[in-house]
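Remember, it's a predicted structure, so these values are computed and weren't measured experimentally. Reminder, nothing fancy here: chain letters follow the sequence lines and each chain counts from 1.
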Amino acid sequence: MTMSFEHIFAKHLLAVIQAYHPEFEGDVDLVASWVEAPKDRELGDLAFPCFRLAKPLRKPPAVIAAALIDGLRDVVDSEPMIAEVSQVGPYLNARINRAGQAKSLIPQIMDGSFTKPRARIDHRVMIEYSQPNTHKAFHVGHMRNVALGDALVRIYRWCGFPVVAANYIGDVGTHIAKCLWYLERHFSGEIPEQHRGEFLGTLYFKATELLDFDLLTRCPLLGVHVAQVMEKDQHPSRPEWTVVTLDLGHETCLVVCGGTGFEVGDRVAYASLGSRVGGRVIERVDKDGVLSEGMILSGAELGLNDNREAVFVLEPTISVGTPIADVFARKPNENVAGTMQQRLNEVSETLKRLESGEPEITALWQKTKQWSMDEFYEIYQWLDCHFDHFFFESDVGDEGKAMVEEYLQKGVLVRSQGTVGAELEGLPFLMLLKSDGTGLYATKDLALARRKFDEFGIDESIYVVDVSQSLHFQQVFKTLELMGFEQAKQCYHLAYGLVVLRDGKMSSRAGNVILFSQLRELLDQRIKSEFLEKYRGDWSDREIDDAAHAIAIATIKYGMLNQDHNRMIVFDLEEWTSQTGNTGPYLMYAYARTQSILKKVGTWDVLSADYTLLSHEAEGQLIDQLGRFQDVVASTREGHRPRELCAYLYDLARAFSRMFDQCSVLRADTVPLKAARANLVRATGEILATGLHLLGIPPLERM
RNA sequence: GCGCUCGUAGCUCAGCUGGAUAGAGCAACGGAUUCCUAAUCCGUAGGUCAGGGGUUCGAAUCCCUUCGGGCGCACCA
């Protein structure tokens, strides 16, 4: 491995600095870390800002620079890798000897030693990504995760890490109960032969629609009924409260009320014990000596107006005992509360059957789950993403609960308000067992983590999951640490922002998701009609199909990757299907042009190429860019930022496009120049292809 | 209320550990094809880096604060 230019420059700088000021403390690495790229490439390739030395040397930066430049010039005469140095104000700039660089770099690229994966490192990494839910639609939002996870797997592997690419399928939960409930009770059509996974997603969407109380009533509350105020007394100790006796129709009850604006005889909305209002369960509470059995609701609490102070008074004609949801039903005289209650009961019944392993529903679950899985496999295949292992939520549920019991015994976990969970320093309580004894999402994550550590022997664990779960993972990792797992400190949540649409967040309820199949179809059409139709007849249909596929992958993956991961992506279908400029296809196009040249240029002598002939500015920039590849990949991996590699490859493709424009290979003035350029082009193609591969994008020989 | 995150050109975004004149793409305008693929290249125009303080020789970058978006915060996953 050759020494980087930064280090070569730093080595000479250090020698000169120490000759000038022997008391200077610092090593080559420190000085090298100060070396940067000049703002303007006209100034050189490397820059050293002497501001760094102003304090230790106690002299103005420009004076230091002026004092060092002569010494530096002397040294550089004997350094073949640096062509010249110069001083501009407080900066010392160096120009790299491009020919020298090219001479060592290009052969390395061409014999494959520069682009092949790095030496194996003894540090096992698991990268968990995708994690789709079965029985739900796979849409563009899921694709950001897949693009990120897959790119990281490839990049880690290139850097020498043994990687286990893992998926974690969400195959249990209420969403499945809803889907199967709809299938059993409400679906009356034919089950399609194709796209059965998306079909299940449609069923799930229809189920949520049926279960969306908002669609039935303006006041979507269960357990809230019309009651009449019978008596109204002042609270014995709190004058701002009143003690109200309510007639519920079949019985009466006592409620302590803080609201105002109602009289004896008024009809009000009464939330009974056990009902939920604003996400809170109504419980019997001791209100300063008086037991309050329920709650009288304000307009705000009912969601009907903004008034939080005044009790909402209903028309006197409405009979006592009517569910409040029926009063505000969107279609008059409908028993919406009863309907909704029945649906909810049915769903919860389905969930219980699933959880208890009732044979009939279990068989249906397994069959439909396979429909989803078949579709996922097809999508991964299309995207060229591969997993070494699939975990299933249904496999870790019991294990998670057992684990919680175990660590409760050990005293690591605690009981709290009927639940079991982890008390974490600086973080909110993490609940692991609900008061009914069932586990939660986090419970399964603990068991999953233990499996990763024990069965796969991994040293580092990366979770590619969207940013809304940041707190969740902080809590889970902290809990694992509390449980004594060493690897907990090597767990990393790679958070990324959601993919949203121009008119807002994607939501299955509003029906504004873009399905994977839709995107694939649209991209295919657009790519063919705009770019590939012109080759019809010239290329085989098969090649056109394959090219469209590859370009579609490039469009999606690069689009998803070339944005800082903690930022939202605003997805506009129109834009994405007709992009030019900084895109995946731009990189592929640059690669295709390299291959086009190489096909036409014929044979040439690799070894005898004289790289001193590559003196054009565009060629120099390109060589410089090629040399950065390894450092960029390493840095991309370290920062978990595929975007960095995207940016590099874009710069590389741009440098090549300029060179292509300004320096013709086929029409080079001399044969040696042609040979040198051909090698440069071939090296560029190699780096582009390797880089594209690391992003999960297949290069095309022509497009 | 607490926490995380974002605010940079008309739009979408880069700008890594502070460094020289803040950069791309799209859109706009003007050029380049007898010449290796015009999915390209070159040029012009476009900025109070949300506002205000502070640290520093130097701040889009670090600290504090205000404003404004997004997302989380105990029985969902």
Main-chain N/O of Q475(A) paired with T479(A) side-chain donor or acceptor, under 3.5 Å: yes

Proximity to the side chain of T174(A) - top-ranked nucleotide from C76(B), C41(B), A20(B): C76(B)

Presence of R567(A) side-chain N/O under 4.0 Å of A14(B) phosphate oxygens OP1/OP2: yes

Mate of A14(B) where both pairing distances stay under 3.5 Å, Watson-Crick or G-U: none

Heavy-atom check, side chain of D45(A) versus side chain of F5(A), under 4.5 Å: no

R658(A) vs C42(B): side-chain N/O to OP1/OP2 distance below 4.0 Å: yes

Polar side-chain atom of W365(A) near backbone of D171(A) as donor-acceptor pair, under 3.5 Å: yes

Touch class at under 4.0 angstrom, heavy-atom based, for S468(A) against every strand present: sugar-phosphate

Cation over ring face, K444(A) and Y168(A), 6.0 Å, 45°: no

N-O pairing of E574(A) and R502(A) below 4.0 Å: no

Selected nucleotide, minimal atom distance to T580(A) side chain, candidates U40(B), A74(B), A14(B): U40(B)

Atom-to-atom span, NZ of K505(A) to P of G70(B) - whole angstrom: 11 Å

RNA chain B: 5'-proximal contact among M659(A) and M431(A) (nearest heavy atom): M659(A)

Watson-Crick or G-U wobble mate for G1(B), both contacts under 3.5 Å: C73(B)

Touch class at under 4.0 angstrom, heavy-atom based, for L532(A) against every strand present: base

Assigned partner base of G7(B), Watson-Crick or wobble definition, under 3.5 Å: C67(B)

Sugar-phosphate only, base, or nothing, as touched by Q662(A) at under 4.0 Å among non-hydrogen atoms: nothing

Interatomic distance at P, A38(B) relative to U33(B), whole Å: 12 Å

Phosphate OP1/OP2 of C6(B) contacted by N566(A) side-chain N/O (<4.0 Å): yes

Nucleotide of G72(B), A74(B), G19(B) approaching F429(A) most closely (side-chain heavy atoms): A74(B)

Rounded distance (Å) that lies between atom P of A77(B) and atom CZ of F392(A): 19 Å

Inter-nucleotide P distance (G47(B), A24(B)), Å rounded: 15 Å

Backbone of A442(A) reached by a side-chain donor or acceptor of H472(A) within 3.5 Å: no

Touch class at under 4.0 angstrom, heavy-atom based, for Y648(A) against every strand present: nothing

F531(A) ring over A39(B) six-membered base ring, under 5.5 Å and 30°: yes

Atom-pair distance (CD on E393(A); C1' on A77(B)), nearest Å: 7 Å

Distance between P atoms of A14(B) and G7(B) (Å, rounded): 8 Å

Charged N-O contact under 4.0 Å between D545(A) and K528(A): yes

Among U37(B), C13(B), C71(B), the nucleotide that comes nearest once only the side chain of V570(A) is considered: C13(B)

Touch class at under 4.0 angstrom, heavy-atom based, for A47(A) against every strand present: base

Pairwise C1' distance for C76(B) and U12(B), with rounding to whole Å: 34 Å

G58(B) and A20(B), which share atom name C1', separated by this distance in whole Å: 11 Å

Sugar-phosphate only, base, or nothing, as touched by Y586(A) at under 4.0 Å among non-hydrogen atoms: sugar-phosphate

L494(A) CG - U5(B) C1' separation (whole Å): 15 Å

Sugar-phosphate, base or nothing in reach of A590(A), heavy atoms under 4.0 Å: nothing

Whole-Å distance separating the CG atom of N582(A) from the P atom of C13(B): 13 Å

Pairing partner of G46(B) (Watson-Crick or G-U wobble, both distances under 3.5 Å): none

Between U12(B) (P) and N562(A) (CG): distance, integer Å: 16 Å

Atom-pair distance (CD on Q469(A); C1' on C73(B)), nearest Å: 13 Å

Verify stack between F51(A) ring and G58(B) base, 5.5 Å, 30 degrees: no

Q621(A)/E617(A) under side chain to side chain donor-acceptor pair (under 3.5 Å): CA gap, chis, key distance, verdict: CA-CA 6 Å; Q621(A) 299 273 330; E617(A) 177 61 23; 2.6 Å; yes

Touch class at under 4.0 angstrom, heavy-atom based, for S470(A) against every strand present: nothing

Heavy-atom donor-acceptor pair, S416(A) side chain to T419(A) backbone, under 3.5 Å: no

Pairwise C1' distance for G46(B) and C13(B), with rounding to whole Å: 16 Å

Side-chain N,O (K534(A)) to OP1/OP2 (U37(B)) below 4.0 Å: no

Side-chain-base donor-acceptor pair under 3.5 Å for S416(A) and A74(B): yes

Touch class at under 4.0 angstrom, heavy-atom based, for V467(A) against every strand present: nothing

Sugar-phosphate, base or nothing in reach of L433(A), heavy atoms under 4.0 Å: nothing

Sugar-phosphate, base or nothing in reach of E575(A), heavy atoms under 4.0 Å: nothing

Salt bridge present between E533(A) and R536(A) (N-O < 4.0 angstrom): yes

Inter-nucleotide P distance (G3(B), A74(B)), Å rounded: 16 Å

Donor/acceptor link under 3.5 angstrom from N93(A) side chain onto base of A20(B): yes

5' priority, RNA chain B, between Q579(A) and Y650(A) [closest heavy atom]: Y650(A)

Proximity to the side chain of A592(A) - top-ranked nucleotide from G72(B), U37(B), U40(B): U37(B)

Distance test, side-chain N/O of R52(A) to OP1/OP2 of G58(B), below 4.0 Å: no

Closest nucleotide among A20(B), A77(B), A39(B) to the N133(A) side chain: A77(B)

OP1 or OP2 of A77(B) under 4.0 Å from side-chain N/O of Y441(A): no

Between C57(B) (C1') and Y91(A) (OH): distance, integer Å: 11 Å

Sugar-phosphate, base or nothing in reach of P90(A), heavy atoms under 4.0 Å: nothing

Touch class at under 4.0 angstrom, heavy-atom based, for R643(A) against every strand present: sugar-phosphate

Sugar-phosphate only, base, or nothing, as touched by I551(A) at under 4.0 Å among non-hydrogen atoms: base

N/O (side chain, R641(A)) to phosphate O (OP1/OP2, U17(B)) under 4.0 Å: no

Between C26(B) and U40(B) - P atom distance, rounded Å: 7 Å

